[in-house]
Amino acid sequence: MTLQERVEQALDTIRPYLETDGGNVSIEEITPDNVVKLKLLGTCASCSMSIMTFKAGLEQAIRKAVPEITGVEAINLTDINDPNAITPGQL
């Protein structure tokens, strides 16, 4: 199984939760140094909880399932300075 297939498989464990709220995620790129770049889709792209979804859901699922991944980035995450943003520390 390729690295991309393994990352997709990890994301598939989270997708049902995203889809329930009208969202999803796609892999935009896996860099040569094994950094996964994700794009949040649908309602996830503008959700105030996207930071939480990314950190506690997507990033953790990928890192747990594919340990050789060195980093996970979202290319369209809600800005941390957005007054409506909800971060893991707020829960």
Side-chain angles (χ1 to χ4, degrees):
M1 190 177 286
T2 69
L3 189 61
Q4 177 141 349
E5 290 170 334
R6 291 172 57 215
V7 172
E8 283 286 356
Q9 191 173 52
L11 291 174
D12 284 345
T13 66
I14 302 296
R15 277 196 172 101
Y17 304 104
L18 303 177
E19 291 168 346
T20 297
D21 291 326
N24 208 331
V25 63
S26 68
I27 299 171
E28 290 296 300
E29 175 185 12
I30 299 178
T31 67
D33 55 340
N34 288 350
V35 174
V36 177
K37 295 189 179 190
L38 302 174
K39 183 175 184 179
L40 300 174
L41 305 171
T43 57
C44 288
S46 60
C47 178
S48 63
M49 290 194 60
S50 66
I51 297 167
M52 185 68 177
T53 299
F54 174 74
K55 285 290 185 191
L58 301 169
E59 183 177 28
Q60 291 303 312
I62 291 170
R63 287 184 177 271
K64 182 177 179 183
V66 192
E68 59 265 49
I69 292 300
T70 60
V72 182
E73 299 173 4
I75 63 171
N76 63 332
L77 197 61
T78 300
D79 188 328
I80 193 85
N81 296 315
D82 183 324
N84 296 314
I86 298 172
T87 62
Q90 292 176 306
L91 296 178

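These numbers come from the heavy atoms of this one structure, side chains and all, not from hydrogens, waters or symmetry mates. Positions are given from 1 along the sequence.
Residues passing the side chain to side chain contact (heavy atoms under 4.5 Å, CB included) test with Ile14, sequence neighbours excluded: Leu18, Leu58, Ala61. Judged as a side chain to side chain donor-acceptor pair (under 3.5 Å), and not counting sequence neighbours, Thr13 has no contacts. With sequence neighbours left out, Glu5 forms a side chain to side chain contact (heavy atoms under 4.5 Å, CB included) with Met1, Thr2. In this structure, the side chain to side chain donor-acceptor pair (under 3.5 Å) partners of Glu28, at least two apart in sequence or on a different chain, are Ser26.
Cluster membership check: Val7 does not share its hydrophobic cluster with Leu41, using side-chain heavy-atom separations under 4.5 Å among Ile, Leu, Val, Met, Phe, Trp and Tyr.
Side-chain contact between Val72 and Phe54 is present, with heavy atoms from C-beta onward closer than 4.5 Å.
Atom-to-atom distance recorded for Leu11:CG and Ile27:CD1 is 5.5 Å, nearest 0.5 angstrom. To the nearest 0.5 Å, atoms CZ (Arg6) and CD1 (Ile69) are separated by 8.0 Å.
Applying the salt bridge (charged side-chain N to carboxylate O under 4.0 Å, His left out) test to residues at least two apart or on different chains, the pairs with a partner in residues 10-23 are Glu8-Arg15, Asp12-Arg15.
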Identify every side-chain donor-acceptor pair in residues 33-40 under 3.5 Å, counting partners at least two apart or on other chains, and give the distances.
residue	atom	partner	partner atom	Å
Asp33	OD1	Thr31	OG1	2.4
Asn34	ND2	Glu68	O	3.3

